[in-house]
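Below: the structure, in structure tokens.
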Amino acid sequence: MTAIQETPAKDAGAGVRREALYFALRNGKLLAGFGVVAVLFLLGFAGPLVLEAADPNAYGSQPMAPPSGEHWFGTTTFGQDVFAQFVHGLRTTFVVGALGGGIAAVIAMAVGFTAGYRGGLVDEILNMVTNIVLVIPTLAVLLIINAYLGVRSVPAQALFIGLTSWPWAARAIRAQTFSLRTRDFVALARLSGSSTRKIILREIAPNMSSYLFMMFILLFGGSILIASSLDFIGLGPTEGVSLGLMLQNANQWSAMQLGLWWWFLPPGAGITAVVGALYVANVGLDEVFNPKLRET
Amino acid sequence: MRQYFGRKLLVYGLTFFVAVTINWMVPRFMPGDPVSSMVARAGVSNPGAVETMRTYYTNLFGFDQPLWKQYANFWAALLQGDFGISIWVFPTPVSEVIMGAVPYTLGLMIPSVLLSWVVGNWAGAFAARRKLLDNTVLPVGYVLTAMPYMWLAVLLAWGLGVVAGIFPVAGGYSFSLQPSLSWEFVADLLHHWVLPFLSLFLVALGGWAIGMRNMIIYELESDYSNYLSALGAPQRLIRRYAFRNAVLPQITGLALQLGVLVAGALVTEIVFSYPGLGSLILKAIQNQDFFLLQGTFMFIVLGVLIANFIIDIVYVVVDPRTRAGMAGAQA
């Protein structure tokens, strides 16, 4: 009996997926956005391996050299190769985005699903917590924490960013869960004795999977921007390179006044390209999943 | 309406409480001994001086007292406006140092936030469902929102300041001038204000334009718009109705974005060495001036809470449903 019912349902699921893929491959925004991200991702992960430069912060013999065949992006006042730093910085950027965005997404889902599905007092309390974290200016809290704890590694920085940037996503998930939990299929699952955990994971979450994925992309981009601000203020990781730290160094050593444009242009352009491409891809995804928005 | 404000004030009150608690807790519960790490960071080698610093810091934080008493004392000092003494500009009280910087930050933030909101909403509403405009406003908007605030600031400072030489790139006013109420000083102040203002304005602009565009498209597809156009209402009228509905989420969005906007202002100030809170934070970090940093934190939280409350009031004024006690805005 169940087997008979399940087969057409699975077919329908595959059909939806095939349809999504069909529109995804024809969506310029999505392809361009993910294309740019993929290229920068490859550069960030393969680049450091290919360059084989042990330490991108190592001082070189040619300070303040403009871009050339030897130093593609020129060198800093200390002779550091800007391209090597850029490539390592890109890697850090992706790590911060994935970790910070991932942690934030997990917290947002835990809070949002619980609050939206349970309702009542649990919802009231979680909602209050969400609102409080939402109102507190994130960067100011991170300033205090980073200044006292002295964040050394990139993962630690990403952890703190993830812990503070989830509220808006939790709110959105809560609202979606709220509208889904009164649907018939959820009631049916409850009648058949499924546990709350199972209902949320098997019935509710898959029905908003596209939404969750898009939310993760926005959290990913947001983490990158917050991390770059922290780095720039001087509270970034003390070990390694990041695009934000490059900007901070350029600013601190007056690259602008000295006319070393090759020092401060690449890191900012890198961040803008990654985050911007993610946003554009997100719009493309929205059009793929939401037939109303498709351009005809 | 009373319930609406009551809920909001409860959240803000709790937020303030949490912020103060964080501010109190972080130095006390961080791993290791804060006093010895602060003494170590000061880099004093004279053993007599080290001992003096140690007792000074212990007394300052009141570490020799029971925890609940430390907490109570912390609140008591806070409510009296006592944030401690700054180490960077010893012995000026922290509150005085911050008060000197707040006008610059506010003077930069209030115009840039409001103007970018108004212009961005206008541009977004104008571009929605107009193919040609949409294709220019949207990409520009995405590039602007994806930009880190400090990078656009650096670009503007380099392009318009260093290369073109039109605007000064550092400071709130020329070093040769003394703050006074003369025309010369005000003109100089404005001249230094243009670039930081412009970079804050531009980065925020993109987000508002995109948000408004999406909202307008959503509203133009709703039933009331279709009904109006079926009745033969002019397109202008329908757009005006759509705009009025679409502006409400944008007001809520302004409240949600406040934290990001403050962060943007802080890093922009650092780029331009603008004498506001951002530069103060940088100085505090460089000089290990923790009281100044904590005081600035409290001020930012307070400012964001006040701004949130003002936005709530505006929302009630703009949206009649909240006044009638209907479910207009959720807390």
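Heavy atoms only: backbone and side chains are in, while hydrogens, waters and symmetry mates are out. Chain identifiers are assigned alphabetically (A, B, ...) following the order of the sequence lines, protein sequences preceding nucleic acid strands; residue numbering begins at 1 within each chain.
- Taking the six-membered ring where the residue is Trp, A:Phe264 and B:Trp158 present perpendicular rings, their angle passing 60° and hence far from 30°.
- Contact annotation for A:Ile136: both backbone and side-chain heavy atoms come within less than 4.5 Å of a heavy atom of chain B.
- When all heavy atoms are compared, the tightest approach of A:Val283 to B:Tyr142 is CG2-OH, 2.6 Å.
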Should B:Phe17 and A:Ile132 be marked as a side chain to side chain contact (heavy atoms under 4.5 Å, CB included) after you check the CA-CA gap, both sets of side-chain angles, and the distance that decides it? CA-CA 10 Å; B:Phe17 176 77; A:Ile132 289 172; over 6 Å; no
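- Contacts between A:Leu243 and chain B at a heavy-atom distance below 4.5 Å are absent for every atom of the residue.
- Of the two parts of A:Ala269, the backbone and the side chain both hold a non-hydrogen atom closer than 4.5 Å to a non-hydrogen atom of chain B.
- The minimum heavy-atom distance between B:Pro148 and A:Gly268, with the atom names listed, is CD-O, 4.2 Å.
- With a 4.5 Å cut-off on non-hydrogen atoms, B:Asn23 touches chain A through its side chain but not through its backbone.
- For the atom pair CZ of A:Phe232 and CG of B:Leu266, the computed distance is 11.5 Å after rounding to the nearest 0.5 Å.
- The contact between B:Val304 and chain A is made entirely by side chain atoms (from C-beta outward), counting heavy-atom distances below 4.5 Å.
- Ranked by heavy-atom pairs under 4.5 Å with chain B, the list A:Leu265, A:Leu143, A:Leu247, A:Thr138 is led by A:Leu265.
- Heavy atoms of A:Ile233 lying under 4.5 Å from chain B belong to its backbone as well as its side chain.
- Contact annotation for B:Leu144: neither backbone nor side-chain heavy atoms come within less than 4.5 Å of a heavy atom of chain A.
- Contact annotation for A:Met256: both backbone and side-chain heavy atoms come within less than 4.5 Å of a heavy atom of chain B.
- Residue with the most contacts toward chain A among B:Val143, B:Val271, B:Val262: B:Val271 (heavy-atom pairs, distance under 4.5 Å).
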Intermediate values then yes/no, side chain to side chain contact (heavy atoms under 4.5 Å, CB included), B:Met147 and A:Ile271: CA-CA 7 Å; B:Met147 266 189 195; A:Ile271 297 172; over 6 Å; no
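- When the shell of 6.0 Å around CH2 of A:Trp168 is examined, it contains more than 12 heavy atoms from other residues, nucleotides or ligands.
- With a 4.5 Å cut-off on non-hydrogen atoms, B:Leu10 touches chain A through its side chain but not through its backbone.
- Of the two parts of B:Leu256, only the side chain, counted from C-beta on, holds a non-hydrogen atom closer than 4.5 Å to a non-hydrogen atom of chain A.
- Proximity to chain B involves both the backbone and the side chain of A:Val141, based on heavy atoms less than 4.5 angstrom apart.
- Taking B:Ile285, B:Leu282, B:Asn308 one by one and counting their heavy-atom pairs under 4.5 Å with chain A, the maximum is reached by B:Ile285.
- Interatomic distance, A:Asn131 CG to B:Lys8 NZ, rounded to the nearest 0.5 Å: 7.0 Å.
- Between chain B and the options A:Leu278, A:Thr272, A:Asn146, the largest number of non-hydrogen pairs under 4.5 Å is found for A:Thr272.
- For the pair A:Pro137/B:Val301, a side-chain contact is recorded, criterion being any heavy-atom separation below 4.5 Å from C-beta on.
- Proximity to chain B (any heavy atom under 4.5 Å) is restricted, for A:Leu134, to the side chain, taken from C-beta onward.
- One distance of note links CD1 of B:Ile22 with CD1 of A:Ile144; it measures 9.0 Å at 0.5 Å rounding.
- Heavy atoms of B:Phe16 lying under 4.5 Å from chain A are absent altogether.
- When each of A:Asn251, A:Leu139, A:Val135 is checked for heavy-atom pairs under 4.5 Å with chain B, A:Val135 comes out on top.
- When every heavy atom of A:Leu225 is checked against every heavy atom of B:Thr145, the shortest pair comes out as CD1-O, 4.0 Å.
- Taking CE of A:Met128 as the start and OG1 of B:Thr15 as the end, the distance is 9.0 Å to the nearest 0.5 Å.
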